[in-house]
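Because the structure is predicted, anything quoted here is derived from the model rather than measured.
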Amino acid sequence: MPYFILIIFFAIFWMLLGWTAKLVAYIFGIILGIAKLILGLLGKLFIILLTWLLCGIAFCLGWSWRYMHNKWQQYRLNQP
């Protein structure tokens with residue numbers, strides 16, 4: 001009779017241990033899913049910001065080139 005109680009005790013123990021392991025794995029999976037989502041959004045945000053940065057640099061270079069070109073033309077026109 002004590003062996004029967006011991007077997008039932010161990011069966012319940014292993015069942016609870018399995019449920020706990022499944023619960024931990026499920027929570028860990030949720031955490032990893034959220035982290036993957038956040039990293040994906042940060043990657044997309046980085047690409048968007050990098051695109052804006054490159055467009056800004058191109059705009060500034062174009063504006064500077066136009067400004068210097070106009071100044072050079074004015075300088076050439078004012079020379080005798």
Side-chain angles (χ1 to χ4, degrees):
M1 185 69 177
Y3 290 116
F4 180 71
I5 294 172
L6 192 63
I7 290 171
I8 290 177
F9 172 75
F10 277 119
I12 292 172
F13 172 76
W14 286 112
M15 185 175 63
L16 291 175
L17 189 66
W19 285 349
T20 305
K22 284 183 183 180
L23 183 64
V24 168
Y26 183 71
I27 292 171
F28 191 67
I30 289 174
I31 292 171
L32 285 179
I34 291 171
K36 182 180 175 185
L37 179 68
I38 290 172
L39 288 176
L41 291 174
L42 286 177
K44 290 177 184 174
L45 180 65
F46 174 74
I47 294 298
I48 291 169
L49 292 176
L50 183 64
T51 303
W52 275 97
L53 177 69
L54 293 176
C55 289
I57 290 172
F59 175 79
C60 289
L61 288 176
W63 187 86
S64 299
W65 175 258
R66 187 184 68 175
Y67 178 78
M68 289 188 306
H69 183 72
N70 288 339
K71 288 294 182 183
W72 176 251
Q73 292 297 323
Q74 288 174 5
Y75 173 76
R76 284 184 50 198
L77 289 175
N78 291 333
Q79 292 298 318

When rounded to the nearest 0.5 angstrom, what distance separates [atom1] in [X] from [atom2] in [Y]?
| X | Y | atom1 | atom2 | value |
| --- | --- | --- | --- | --- |
| Q73 | M68 | CD | CE | 13.0 Å |
| W65 | N70 | CH2 | CG | 11.0 Å |
| I27 | L23 | CD1 | CG | 4.0 Å |
| I34 | L39 | CD1 | CG | 12.0 Å |

Report task. Following the transitive rule for hydrophobic clusters with a side-chain heavy-atom cut-off under 4.5 Å over Ile, Leu, Val, Met, Phe, Trp and Tyr, establish whether L54 and I47 coincide in one cluster. Result ->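 L54 clusters together with I47.
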
**Report entry** Same cluster (ILVMFWY, side-chain, under 4.5 Å), I8 and L16
**Finding:**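 Yes, I8 connects to L16 through the hydrophobic network.
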
**Report entry** CA sep, side-chain torsions, deciding dist, call: W19, M15, side-chain contact (heavy atoms from CB on, under 4.5 Å)
**Finding:** CA-CA 6 Å; W19 285 349; M15 185 175 63; 3.9 Å; yes

Requested in this report: Measure the shortest side-chain to side-chain distance between I30 and Y26 over non-hydrogen atoms and say whether it is less than 4.5 angstrom.
Outcome: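 They are in side-chain contact.
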
Requested in this report: State, with a plain yes or no, whether a side-chain heavy atom of L53 is found less than 4.5 Å away from one of I57.
Outcome: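 In contact.
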
**Report entry** Ring centers of Y67, W63 separated by less than 6.0 Å
**Finding:**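 For Y67 and W63, the ring centres are under 6.0 Å apart.
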
